[in-house]
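Worksheet: the structure to be examined is printed underneath.
Because only heavy atoms are used, hydrogens play no part in the values below, and waters and symmetry mates are left out as well, while side chains stay in. Just so it is clear, the model here is predicted, and its values are computed rather than measured.
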Amino acid sequence: MDFSTAPKRVRGESIVPMINVVFLLLIFFLMTSHLAQPEPFEVAPPEATSDREAEAEPVLYADKSGALAFEDLRDEAAIAALATVIEPGTAVQLRADGAIEAVEIAKLLRRLSEAGFGQVELVVAPK
């Protein structure tokens, strides 16, 4: 019988500290990230052939009935809040539903020009 001590196995490096660091980084990025707000209502943009993407930052939403939304505000309050957020001459991105009538869009563009918005970018879906 062999009563000698068995050779010790070499323990591998523990991965627990690495897992801790990964979770801490995950929590850090979740806490510092800016999550996108959901759209105030469902908008299906009109179809058109356009190679250019809308680049304006403030987004004004218009549904098929002509109701407006900017962040949590609706209609005239949305336009007033949008006017305070951007500088004069800055473009506004308009996400209008494809089912909205052209007369409503014309009225909306007139209201936006009266509020001081000189440039409006209409978001379209590619054909």
Report yes or no: do [X] and [Y] belong to one cluster of Ile/Leu/Val/Met/Phe/Trp/Tyr joined by side chain heavy-atom distances under 4.5 Å?
{"X": "L60", "Y": "I100", "value": "yes"}
{"X": "F70", "Y": "I105", "value": "yes"}
{"X": "L112", "Y": "L122", "value": "yes"}

Quiz item: What do you reckon, is CG of N20 surrounded by more than 12 foreign heavy atoms closer than 6.0 Å?
Solution: yes
Quiz item: Is the number of heavy atoms from other residues, nucleotides or ligands within 6.0 Å of CG (L26) greater than 12?
Solution: yes
Quiz prompt | With sequence neighbours excluded, residues passing side chain to side chain contact (heavy atoms under 4.5 Å, CB included) with R11 | solution = none
Quiz prompt | Separation between CD of Q93 and CD of Q119, rounded to the nearest 0.5 Å | solution = 11.5 Å
Practice problem: Report the distance from atom CG of L30 to atom CG of L25, rounding to the nearest 0.5 Å. | Solution: 11.0 Å
Exercise. Please test L108 against L94 for side-chain contact (heavy atoms from CB on, under 4.5 Å), starting from the C-alpha separation and ending with a verdict.
Key: CA-CA 10 Å; L108 174 60; L94 175 62; 3.7 Å; yes
For [X] and [Y], work out which heavy atoms get closest and say how close.
{"X": "S14", "Y": "P17", "answer": "O-CD, 3.6 Å"}
{"X": "G66", "Y": "E104", "answer": "CA-OE1, 4.3 Å"}
{"X": "A83", "Y": "A115", "answer": "CB-O, 4.4 Å"}
{"X": "A78", "Y": "A69", "answer": "CB-C, 4.1 Å"}
{"X": "A67", "Y": "D75", "answer": "CA-OD1, 3.6 Å"}
{"X": "S65", "Y": "D63", "answer": "OG-OD1, 3.0 Å"}

Quiz item: Should the pair E76-R111 be classified as a salt bridge under the 4.0 Å nitrogen-to-oxygen rule?
Solution: yes
Self-check item: Student check: side-chain heavy atoms of L82 and V92 closer than 4.5 Å
Solution: yes
Quiz item: Under 4.5 Å between any side-chain heavy atoms of L24 and F28, yes or no?
Solution: no
Practice problem: Give the other cluster members for V16, using side-chain heavy-atom distances under 4.5 Å between Ile, Leu, Val, Met, Phe, Trp and Tyr residues; answer none if it is isolated. | Solution: none
